[in-house]
Amino acid sequence: TTTGDIDLEYFSGFFEKLYGEPLDKALDRDGLSLGRLLNNLGLAREATLNLAGVMLFGRNPQRHRPAFVIKAVSFVGNDPAGDKYRDSQDIEGCLRDLYKGTISFLTRNLRRLQDGKGFNTEGDLEVPPAALEELVVNLLLHRDYFISAPWRVMLFDNRIELISPGALPN
């Protein structure tokens with residue numbers, strides 16, 4: 001990888017939000033190259049992006065790490081060996097895109113409960129959004145990045161299974 005693999009628009013927005021000034025202005029003021037800045041932030045080594053740089057700000061991380069994709073399936077019933085499913089999707093992109101895509105998949109496939117609301121109102125998700133957010137963040141961050149396997153999201157009628165490759169540390 002190179003600094004050319006960075007989603008510069010996304011990284012610039014992140015930098016400005018974090019440091020309060022535009023990226024190009026900061027680079028000019030300090031006489032830094034983008035590569036040097038990425039090195040200083042721990043996102044690259046020399047001119048090569050590290051895994052954090054690719055997964056956080058890469059334009060197409062799956063080009064370099066094809067297994068870092070989320071395989072999501074919404075099954076009919078409760079059997080993972082079943083051959084019928086409602087929806088399936090391979091979710092790709094940087095961590096931001098993986099997060100948004102997984103939340104979208106889950107909210108699209110979870111049932112909505114009326115829960116005492118009026119007939120013409122949209123029901124509440126059967127799993128609270130705050131719980132979904134926590135589950136998806138944990139799925140993405142607590143994986144073993146040395147294992148070449150996809151994340152898995154499986155939605156059944158009676159449960160959600162989120163599989164993050166690897167095991168808990170000792």
Side-chain angles (χ1 to χ4, degrees), residues 1-19 23 26-27 30 32-75 79-82 85-110 125 127-156 159-170:
T1 62
T2 67
T3 57
D5 293 308
I6 287 278
D7 181 341
L8 199 52
E9 182 179 330
Y10 178 49
F11 179 70
S12 296
F14 166 82
F15 184 89
E16 186 168 352
K17 185 175 181 180
L18 186 63
Y19 295 106
L23 175 64
L27 292 175
D30 295 334
L32 289 175
S33 67
L34 179 60
R36 172 57 47 205
L37 176 65
L38 292 170
N39 274 315
N40 292 349
L41 293 173
L43 299 172
R45 186 170 191 188
E46 300 193 14
T48 304
L49 296 175
N50 60 24
L51 184 58
V54 169
M55 291 306 296
L56 288 170
F57 300 108
R59 247 194 328 257
N60 184 4
Q62 286 71 32
R63 185 173 135 230
H64 306 286
R65 298 285 188 220
F68 291 175
V69 64
I70 296 175
K71 302 279 189 179
V73 179
S74 175
F75 289 95
D79 185 8
Y85 64 92
R86 290 181 187 90
D87 190 6
S88 71
Q89 180 180 357
D90 286 354
I91 303 166
E92 297 182 343
C94 65
L95 285 174
R96 170 201 59 188
D97 300 333
L98 294 172
Y99 171 82
K100 287 181 178 181
T102 304
I103 292 292
S104 174
F105 179 84
L106 288 170
T107 56
R108 181 174 72 236
N109 285 288
L110 284 171
L125 285 173
V127 177
L132 290 177
E133 291 170 7
E134 183 71 18
L135 290 169
V136 173
V137 166
N138 286 335
L139 171 79
L140 294 172
L141 298 182
H142 296 293
R143 77 163 282 156
D144 184 343
Y145 281 91
F146 294 110
I147 294 176
S148 185
W151 288 277
R152 297 208 181 271
V153 173
M154 296 183 288
L155 186 61
F156 299 94
R159 69 188 183 280
I160 300 171
E161 290 184 14
L162 303 173
I163 301 171
S164 193
L168 292 173
N170 292 342

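Index from 1, following the sequence.
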Distance-only donor-acceptor pairs under 3.5 Å for side chains of residues 49-57, two or more places apart:
residue, atom, partner, partner atom, Å
Asn50, OD1, Ala52, N, 3.1
Asn50, OD1, Gly53, N, 2.8
Asn50, ND2, Gly42, O, 2.8

Check: residues 95-102 side-chain donor-acceptor pairs under 3.5 Å, at least two apart:
residue, atom, partner, partner atom, Å
Thr102, OG1, Leu98, O, 2.7

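Considering all non-hydrogen atoms of both residues, Phe156 and Asp79 come closest at CE2-C, 3.8 Å. For the pair Gly93 and Gln62, the tightest heavy-atom approach, listed with the atom from each and the gap, is N-OE1, 2.8 Å. Here the closest heavy-atom approach between residue Leu41 and residue Phe11 is recorded as CD1-CZ, 3.8 Å. When all heavy atoms of Pro165 and Pro150 are compared, the pair lying nearest together is CG-O, 3.3 Å.
Taking the side chain as every heavy atom from C-beta outward, Ile6 and Thr1 never approach each other to under 4.5 Å. Two residues are said to be in side-chain contact when any heavy atoms from C-beta on lie closer than 4.5 Å; Leu110 and Ile160 meet this criterion. Using a 4.5 Å heavy-atom cutoff, the side chains of Val153 and Val136 are not in contact. A heavy-atom distance below 4.5 Å is found between the side chains of Ile70 and Leu140. For the pair Ile91/Val69, no side-chain contact is recorded, criterion being any heavy-atom separation below 4.5 Å from C-beta on. Between Val73 and Leu155 there is no side-chain heavy-atom pair separated by less than 4.5 Å.
Once rounded to the nearest 0.5 Å, the distance linking CG of Leu37 with CG of Leu23 reads 6.5 Å. Between Ser74 atom OG and Met154 atom CE the span is 12.0 Å, to the nearest 0.5 Å. Within the model, atoms CD of Glu161 and CG of Leu135 stand 12.5 Å from one another, a figure rounded to the nearest 0.5 Å.
In this structure, Asp30 contributes its side chain and Leu32 its backbone to no donor-acceptor pair below 3.5 Å. Distance alone, capped at 3.5 Å, places no donor-acceptor pair between the Trp151 side chain and the Phe68 backbone. Under a 3.5 Å cut-off, the side chain of Arg143 and the backbone N or O of Ile147 do form a donor-acceptor pair. Using modelled atom types, one side-chain atom of Arg86 and one backbone atom of Phe75 make a donor-acceptor pair closer than 3.5 Å. Within the 3.5 Å criterion, the main-chain N or O of Leu139 finds a donor-acceptor partner in the side chain of Ser164.
A salt bridge (charged side-chain N to carboxylate O under 4.0 Å, His left out) check over residues 128-140, counting only residues at least two apart or in different chains, returns nothing. Legend: salt bridge (charged side-chain N to carboxylate O under 4.0 Å, His left out) pairs involving residues 54-63, not counting sequence neighbours, sorted by first then second residue: Asp5-Arg63. Applying the salt bridge (charged side-chain N to carboxylate O under 4.0 Å, His left out) test to residues at least two apart or on different chains, none of the pairs has a partner in residues 37-48.
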Q. Stepwise, does the side-chain contact (heavy atoms from CB on, under 4.5 Å) test hold for Leu125 with Val127?
A. CA-CA 5 Å; Leu125 285 173; Val127 177; 5.5 Å; no
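Scored by the side chain to side chain donor-acceptor pair (under 3.5 Å) test, Asn109 finds Asp87 as partners (sequence neighbours excluded).
For OH of Tyr145, the number of neighbouring non-hydrogen atoms (other residues, nucleotides, ligands) closer than 6.0 Å is greater than 12.
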